[in-house]
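Sequence lines set the chain letters: A, B, ... in the order given, protein chains first and strands last, and positions in each chain run from 1. In what follows, every heavy atom counts, from backbone to side chain, and hydrogens, waters and symmetry copies are set aside.
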Amino acid sequence: MKETDFAKIEKKWQKAWEDKKAFEVKEDKKKQKYYVLEMFPYPSGTGLHMGHAHNYNIGDIYSRFKRMQGFNVLHPMGFDSFGLPAENAAIKAKSHPKKFTEEAIANFIRQMKDLGLSYDWSRMVETHKPDYYRWDQWIFLKMYEKGLVYRKKSPVNWCPKCNTVLANEQVIGGKCWRHEDTNVEIKHLEQWFFKITHYADEIYEDLNKLDDWPELIKRLQRNWIGKSEGAEIDFIINKEKWKIFTTRPDTIFGVTFLVISAQHPRLMDIVTSEQKAKVQGFVKKLHSVKEEDLDKMEKEGVFTGAYASHPLTGEKIPVYAGNFVLADYGSGMVMGVPAHDERDYEFAKKYKLPIKYVVKPEKAEKIEGAYEGVGILVNSDSFNGLQTAEAKEHIIKVLETKKLGKKVINFRLRDWLISRQRFWGTPIPIVYCDKCGVVPVPEKDLPIVLPEKIEFKGVSNPLLQYKPFLEAKCPNCKGPARRETDTMDTFVNSSWYFLRYCDSHNDKKIFDSAKANYWCPIDVYVGGKEHACLHLIYFRFYTKFLRDLGLINFGEPARRLFNQGFLLGPDGERMSKSKGNVILPEVVSKKYGIDVARLFLVSIASPDKDIMWSDEGIDGTFRFLKRVFSYVSNMKEGKTSKKIESKIHSTIKKITEEIENFKYNLAVIRLRELFESFEHESIAKSDFNLFIRLLSPFAPHLSEELWQIIGNKGFVSLAPWPEADEKKIDEKFEQAEKSADKTVSDILNVLRIVDEKKGKANKVYVYVMPFELEYYDSNELTKRVGKPVMVFSVSDKKKHDPQGKASKAKPGKPGIYVE
RNA sequence: GCAGAGGUAGCAAAGCGGUCAAAUGCGAGGGACUCAAGAUCCCUUCCUUCAGUAGGUUCGGAGGUUCGAAUCCUCCCCUCUGCACCA
């Protein structure tokens, strides 16, 4: 077999699948649906590399498996085609991003088809097309209607390289998510926000329902959303109520100071004239600190001169301005309980403020510093003796009756800033009218289309200078108005694409609800964990919003999430062009065929682990598949045996479970073991048919070819998945197989020793227990040992056994004689 | 600092209370085939021993639970990945 043949076979079947539309699906009430989705890619100009292939392969295996199991499998693909790289390329080439994007998409599609992925291409979505993004705009208007969109001037994250603002989620450790080396700057701008916080609680709580999501992702999301239950308590400063937020209302009797954020907009309202200069100096000093050093800063504060009165004791409590209190979380002011909070303790020590213990641990412990645990209240008036949890309830209740506080839940999650000062994104459907102000574009005027004739000259958004786009009529008064030039964050596009796949050509509606409800939610969603706090939060938010609009009847987009590991280059580094370690599918495909690569990728390790490409490793997979082909071309139809049937059915059982749990690596090992048994034993054609079906999800093209060679009709990709027949599985055959392996090595060991001591032996006699006779096949042993092997039962009177070796036989360990 | 994941034979990677000296692949070595090489096939690959199927020491380190631990518990060391003052 020539090495290039695999590639040729693959082309043949890719064409056949396409011609027969093998993977296109329709809603079918009679069949159970199954929706497998891989996160769609941004079509980058550099094309698709083996890392992408790995990702899609994982989803493809699953969808092929489910399809064979008889499910009506939706497995679509599309492109997240708005984004900066295309725009930057356009600026450089003085061209249009559409050109770059569509070239890149064409390239991606070609590459994906070469991978033999079983997509229903008829459902493809491309987010840069007006027939897609008009629905982004439509959703924007719906959110606007529901009060979930607002415009606000606020401090926002600005990436100087992207020349645009970023959402909180796109700032990673103070750097831009696209530019690891670029610090994000803070700018004060008027921007559009989606009120994702409206759903904060539900997004948080519903994580509990997502049993089949990785714990890691759920934990990251919980962390990001940061739900804290506590109380808002009023302290009176200058006869005015000032709120603080605390999760520990039970420690209220331990308050010895308050700290207001140095960035608090109303800070100066409470500062006394004597302290004014000091406070101003402090605030000024803070502003001079660079953004990156902010978190390394020591806790510092300055007395404001003001005193608050304690809501329960009436005590006078000093108010400090502090650098460690966040202005935009809670109310921007906190109570200081140094006895029970590490930070407050540090602060109190520094400024010599009193420390008052009000919670005593239940078990006697020596307290040093702050005690943050739970316990029994002391020094707390009528609340003494209560446990932390009950104390919280009681104190809140008392505060509520006095109208000095209430129970509240705070979230760390902020609203989603969606404005981007860039061209290549979904235009925000808003106009600004001198008379009417901010006016949303009516639905009937959608889509607001990005101009095609526009020129790309500089770095800033060209829409700002492009009059045909800029000049609009006010939908209200029909007077002149100016169009919004900011576009939407690309994560908007990817937040609902999975729904559009269900009805991707609908030009009347965003999608047909019945269709979406049939296919969704996604049954298995495959993608990287880097989206834990980005896409995977946004699309959960969108799903809840669209449900509340009445468009869909479910609130979670994906039942199960699978995070695949990264494919690293042969050097163990992330693949990148600059490192020169990129593995391209087309290169590998030419040498081995793509099925070899696909099978190899899932053989290396469990798909959720990071794996390293190895040029030697793939040879092993190549050898295996070549062996299968040469086996078929020399195959003699024989008779099946109970032994081989047992092996087949236990393999079916295990592989089915292993694929179900994404343990592809183990499934592949089982397949190889099964095949090895075939090489040792006589099998029937039907046995081999079962093997091809098991192989098919992993090596789909080659399996089709084998299927055909063996004389089957139709696609093996659409053949039913084998069912394990438990009755045919017999443990003793597994045991026998192990014993045979052991016997082979024992025989060879004896032969070696005899060779050394007495010279060559040429015949081998094996004495087995009578009931084991059927497990030892002399043909098989002869083949493996390379010398004629005779198998006798120990009870056989006519056996050849001059040295009485038969007496050494034990169950599973036959006696051996050589001469 | 806090939280999580992990450390298994030359490498990669399964195993997660007995059936474990530990699947599988790669690499390495031996053999068969061949004039030879390659391909292919068979075998070996922790150490010792040997007409055999035995013994010894292993699964980051140190203890512990158990008749029995790579697998469970405690402490320690190392690696990775998140969150970094959210009150």
Side-chain angles (χ1 to χ4, degrees), chain A residues 1 3 172-174 214-217 219-220 222-228 230 244-248 251 259 294-299 322-326 328-337 340-344 346-347 372 410-414 529-530 532-533 572 600 603-606 609-612 614-621 623-624 626-627 630 663 665-666 668-673 676 679 731 734-735 738-739 741-758 761 783-787 803 805 808-810 812-819:
Chain A
M1 163 125 351
E3 295 193 353
I172 295 154
E215 283 307 316
L216 171 75
I217 301 294
R219 204 181 65 234
L220 291 175
R222 282 197 187 99
N223 237 305
W224 185 259
I225 299 164
K227 180 177 181 176
S228 9
I244 62 96
F245 174 72
T246 180
T247 54
R248 292 296 300 273
T251 62
V259 189
L294 214 62
D295 37 308
K296 289 177 206 123
M297 233 165 32
E298 212 182 310
K299 285 175 200 42
N323 63 3
F324 64 97
V325 176
L326 298 165
D328 58 348
Y329 181 77
S331 53
M333 188 150 146
V334 299
M335 64 186 206
V337 186
H340 304 290
D341 183 280
E342 207 59 63
R343 293 155 303 180
D344 296 349
E346 211 181 295
F347 194 83
E372 295 188 326
N410 255 324
F411 293 95
R412 185 180 169 277
L413 184 75
R414 298 298 131 85
K529 41 185 163 280
E530 67 276 14
C533 296
F600 172 58
S603 308
I604 303 171
S606 174
K609 295 224 165 137
D610 288 351
I611 53 172
M612 218 187 285
S614 130
D615 291 320
E616 292 89 54
I618 193 170
D619 282 327
T621 306
R623 280 197 284 269
F624 171 66
K626 278 193 293 190
R627 238 161 89 193
S630 74
K663 299 276 184 196
N665 54 329
L666 302 180
V668 173
I669 289 167
R670 301 275 110 81
L671 263 176
R672 296 178 81 125
E673 285 173 351
E676 212 161 298
E679 292 181 311
E731 284 294 321
E734 309 271 315
Q735 221 34 60
K738 277 187 196 162
S739 304
D741 288 347
K742 184 78 180 133
T743 304
V744 168
S745 77
D746 282 344
I747 293 171
L748 286 160
N749 193 12
V750 173
L751 282 171
R752 207 199 70 236
I753 295 159
V754 171
D755 267 10
E756 280 166 16
K757 301 218 163 155
K758 303 182 189 164
K783 197 175 147 204
R784 292 175 67 180
V785 169
K787 296 208 156 67
Q803 292 189 10
K805 296 289 182 192
K808 292 209 171 189
K810 287 183 231 162
K813 291 183 174 182
I816 296 162
Y817 173 70
V818 302
E819 62 178 25

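- Rounded to whole angstrom, the span from the NZ atom of A:Lys609 across to the P atom of B:A5 amounts to 13 Å.
- Distance A:Met612 CE to B:A13 P: 7 Å, rounded to the nearest Å.
- Considering only side-chain atoms of A:Arg343, the nucleotide from B:G4, B:C85, B:C26 that sits closest is B:C85.
- You'll find the side chain of A:Asp341 stays beyond 4.5 Å of the side chain of A:Arg248, heavy atoms only.
- With B:G52, B:G15, B:C86 as the choices, the nucleotide that has an atom nearest any side-chain atom of A:Leu326 turns out to be B:C86.
- The side chain of A:Ile753 has B:G52 as its nearest neighbour among B:U40, B:A87, B:G52.
- Atom pair A:Leu216:CG and B:G6:P shows a separation of 11 Å (rounding to whole Å applied).
- Base pairing in RNA chain B gives the following stems of 3 or more Watson-Crick or G-U pairs, range against range and under 3.5 Å: B:1-7 with B:77-83, B:10-12 with B:24-26, B:27-32 with B:40-45, B:46-48 with B:54-56, B:60-64 with B:72-76.
- Remark: C1' of B:C2 and CG of A:Leu220 are 14 Å apart, rounded to the nearest angstrom.
- For A:Phe245, the side-chain atoms get nearest to B:A87 when compared with the rest of B:C41, B:G52, B:A87.
- Mapping A:Ala605 and A:Thr246 onto RNA chain B by nearest heavy atom places A:Ala605 closer to the 5' end of the strand.
- The side chain of A:Glu616 approaches B:G27 more closely than any other nucleotide in the set B:G27, B:G52, B:A23.
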Problem - Criterion salt bridge (charged side-chain N to carboxylate O under 4.0 Å, His left out) on A:Arg343 and A:Glu346, from CA distance to verdict - result: CA-CA 5 Å; A:Arg343 293 155 303 180; A:Glu346 211 181 295; over 6 Å; no
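- Put simply, the side chain of A:Val744 reaches to within 4.5 Å of the side chain of A:Leu748, judged on heavy atoms.
- Nucleotide B:A84 holds its C1' atom 15 Å from the CG atom of A:Asn323, rounded to whole Å.
- Between B:A21 and B:G56, the distance separating the two P atoms is 12 Å to the nearest Å.
- The shortest side-chain heavy-atom distance between A:Met335 and A:Asp344 does not fall under the 4.5 Å cut-off.
- Nucleotide B:A84 holds its P atom 18 Å from the CZ atom of A:Phe324, rounded to whole Å.
- Taking side-chain N and O atoms only, A:Ser745 has a distance below 4.0 Å to OP1 or OP2 of B:U44.
- Annotation: side chain of A:Lys805 is not in contact with side chain of A:Ile816 (no heavy-atom distance under 4.5 Å).
- Along RNA chain B, the nucleotide nearest A:Asp341 and the nucleotide nearest A:Arg670 are compared for position; the residue whose nucleotide lies closer to the 5' end is A:Arg670.
- Contact annotation: A:Arg412 reaches the phosphate of B:A84 (side-chain N/O to OP1 or OP2, under 4.0 Å).
- Note on A:Tyr329: a side-chain N or O is less than 4.0 Å away from OP1 or OP2 of B:A87.
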Polar-atom pairs under 3.5 Å, protein N or O versus N or O of nucleotides 17-22 of chain B: list them with distances, or write none.
none

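- Distance from the side chain of A:Asn749 is smallest to B:G52 among B:G52, B:A14, B:A87.
- Phosphate contact (OP1/OP2 of B:A32, side-chain N/O of A:Lys787, threshold under 4.0 Å): absent.
- B:U57 and B:G6 are spaced 30 Å apart, taking the P atom of each and rounding to whole Å.
- Residue A:Ser606 holds its OG atom at 10.0 Å from CD1 of A:Ile611, rounded to the nearest 0.5 Å.
- Picking from B:A13, B:C42, B:A87 the nucleotide with the shortest atom distance to the side chain of A:Arg784 gives B:C42.
- Here the P atom of nucleotide B:C83 and the CG atom of A:Asn223 are 8 Å apart, to the nearest Å.
- Comparing the C1' positions of B:U44 and B:C50 gives a spacing of 16 Å, expressed to the nearest Å.
- Contact check, A:Ser228 against B:A87: a side-chain N or O comes under 4.0 Å of OP1 or OP2.
- In this structure, CG in A:Leu326 is found 11.5 Å from OG in A:Ser331, a value given to the nearest 0.5 Å.
- For A:Arg414, the side-chain atoms get nearest to B:C86 when compared with the rest of B:C86, B:A87, B:G52.
- One finds a side-chain N or O of A:Arg623 lying less than 4.0 angstrom from the OP1 or OP2 phosphate oxygen of B:C26.
- Counting heavy atoms from C-beta on, the side chains of A:Val259 and A:Phe324 come closer than 4.5 Å.
- The cationic group of A:Arg412 does not satisfy the cation-pi geometry with A:Tyr329, failing either the under 6.0 Å distance to the six-membered ring centre or the 45° limit from the ring axis.
- From A:Asn410, atom CG reaches atom NZ of A:Lys227 across 11.5 Å, with rounding to the nearest 0.5 Å.
- The interatomic distance linking A:Arg222 (CZ) with B:G82 (P) rounds to 19 Å, in whole Å.
- Formation of a donor-acceptor pair under 3.5 Å by the A:Gln803 side chain with backbone atoms of A:Tyr817 is not found in this model.
- Taking atom C1' on both B:G25 and B:A9, the two are 14 Å apart, rounded to the nearest angstrom.
- The side chain of A:Gln803 sits closest to B:A51 out of B:A87, B:C26, B:A51.
- Note: A:Asn665 CG to A:Arg670 CZ = 9.5 Å, rounded to the nearest 0.5 Å.
- The nucleotide whose nearest atom lies closest to any side-chain atom of A:Lys808 is, among B:G25, B:G52, B:U40, B:G52.
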